[in-house]
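Here's the structure, in C-alpha cells; my notes come after.
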2 protein chains.
Amino acid sequence: MGAMITSTPKMLSDSIRGAGLKVTESRLAVLKALESQSHADANTVFDSVKLDLPGTSLQAVYGVLTALTSAGLLRKIAPARSSARYELRTGDNHHHVVCTRCSAVQDVDCVVGEAPCLTPLHDSGFAIHTAEVTFWGLCPACQLTNS
Amino acid sequence: MGAMITSTPKMLSDSIRGAGLKVTESRLAVLKALESQSHADANTVFDSVKLDLPGTSLQAVYGVLTALTSAGLLRKIAPARSSARYELRTGDNHHHVVCTRCSAVQDVDCVVGEAPCLTPLHDSGFAIHTAEVTFWGLCPACQLTNS
DNA sequence: CACATAATCTTGAATTATTCAAGACAATTG
DNA sequence: CAATTGTCTTGAATAATTCAAGATTATGTG
C-alpha cells in the first residue's frame, strides 16, 4: 500500500522530457519529494525541495507543480478545508480518504473494483473526463483524541 | 431536475429551530437564496441576501453558511479551483459534475443507484462518515466555446 | 410583556493559499 | 557555443476565508 517508488534520476528526467517539458533541477526535486511523501501540499514539497536546492522559491514550486500537473505527471487533489495536495500519477484507479480533523490524506482502492461510479454520464450534457471519489472521516490518530 | 423547492417562511423557520439554532433574518434569507440558486458560493449568496437585507455583511453570510452547514441543513461542496459552494441538504444521494472551465456545478444522480462507491471502508482505519463523488468535464456551454 | 442571557451580527483587519509580472537565468536546438 | 524559448527569482497582488471586539437580537423565564 502506498508503495514507495524509487526512480533513478534518469527515469525522472525521461518522464519530464517525455511530457515535452524541459528537465530542470526543480522539477526533478519536486518529483523526488513526491515519491517519498505523497499527498504533500505546495508548502511541504517546498520544504523537501529546499533541502536539496536551498535557493528554490515557493513560487517556483507552485510553477513546477502546475506544469507537471497539466503535463499529466502529477495529479492534484484539492479536498475542502485544506490546501491542494499532489501525488504522482500512477495510472491506477484509486481514491482518497481525508481526515476531517487533521486533513491527513490516504489512498484507498475503489471499493467495488471496476469503479462503476466513475462511468461517464451521457445525460448531463457535460463532456466528462475525470471522476473523483473522496471519503471523509477521522483518521486513526484523531479517533484517539477526545473531542 | 434540480426541482426548485419553495418553502414557506414558517417551514424554513422550523427547520432552523429544529436544528437547535436561533431563527434570524439572515438565516432565513440564506436558505431562501439557496432554494432559488443551488450551488452558489458565499459571494453569490451574499448578493441575493443583500436584496432583502441590505445591511447584511459578507462575514455574516459566511457565519450563517458555516452554522447551517454544521447543523446539517446545508451541504458544502468545495471542488478544486473554485470557491466553496453550498446546497440545501435534501437527504437524497446525489453527486456533482463540475465544469473544468467555468466551474459550473450540476447535480447528477449516482450512476449505479445504490452508490456502492460510498460504502464505508473498514480497512483504512478511518472512521468514515461521508463520501463524495465529483465528476469533471466541460459543460454544454463551454463545449461550444473554442479553447 | 419586560428581562436576562447567550447567540448572532457588524465592522474592521488579518491570514492563508495561490497567482501575476518583470527581469535574470538556464535547458535544448542547430 | 550561440540563439531561442522556457523556467526561475524576486517582489507584490488577489481571492477566499477567518478572527476579534463590541453592538444587537432571539428566546426562555418570571
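By convention in this document, chain letters (A, B, ...) are assigned in the order of the sequence lines, proteins followed by strands, and residues within each chain are numbered from 1.
- Side-chain contact annotation: B/Thr44 with B/Gln37, donor-acceptor N/O pair under 3.5 Å absent.
- In this structure, B/Arg27 and A/Gln59 both approach DNA chain C, and ranking their closest nucleotides by distance from the 5' end singles out B/Arg27.
- Proximity of B/Arg17 to the phosphate of D/dA26: no side-chain N or O atom is located under 4.0 Å from OP1 or OP2.
- For A/Lys22 against D/dT5, a side-chain N or O and a base N or O form a donor-acceptor pair under 3.5 Å.
- Across all strands shown, B/Gly63 has no heavy atoms under 4.0 Å from either base or sugar-phosphate atoms.
- Atom CG of A/Asp14 is separated from atom C1' of C/dA27 by 15 Å (rounded to the nearest Å).
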Subject >> Criterion side-chain contact (heavy atoms from CB on, under 4.5 Å) on B/His96 and B/Val108, from CA distance to verdict >> reply: CA-CA 5 Å; B/His96 298 104; B/Val108 288; 5.7 Å; no
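- Atom CD in B/Glu25 sits roughly 15 Å away from atom C1' in D/dT27 (whole-Å rounding).
- Between the CZ atom of A/Arg75 and the CD atom of A/Glu87 there is a distance of 5.0 Å, given to the nearest 0.5 Å.
- The side chain of B/Tyr62 contributes an N or O atom lying less than 4.0 Å from OP1 or OP2 of D/dT17.
- The side-chain heavy atoms of A/Ser48 and A/Ser36, taken from C-beta on, include no pair separated by under 4.5 Å.
- If you check every strand for non-hydrogen atoms under 4.0 Å, B/Ser57 touches a base.
- Of the candidate nucleotides C/dC9, D/dC8, C/dT10, C/dC9 has the atom nearest to the side chain of B/Val64.
- For B/Leu65 and C/dT8, the CG to C1' distance is 14 Å, given to the nearest whole Å.
- Remark: C1' of C/dT10 and CG of B/Leu53 are 14 Å apart, rounded to the nearest angstrom.
- Computed from coordinates, the B/Asn43 CG to D/dA15 C1' distance equals 10 Å when rounded to whole Å.
- Residue A/Thr24 places at least one side-chain N or O closer than 4.0 Å to OP1 or OP2 of D/dC8.
- In this entry the distance linking CG of B/Leu28 with P of C/dC9 reads 10 Å, nearest Å.
- Contact record, B/Ser103 with B/Ser82: OG-CB, 3.6 Å, taken as the closest heavy-atom pair.
- The CZ-P distance, from B/Phe46 to C/dT10, rounds to 9 Å in whole Å.
- Both A/Ala67 and A/Leu58 sit near DNA chain D, but only A/Ala67 has its closest nucleotide nearer the 5' end.
- One atom, CG of A/Asp41, and another, P of C/dT19, lie 13 Å apart when rounded to the nearest Å.
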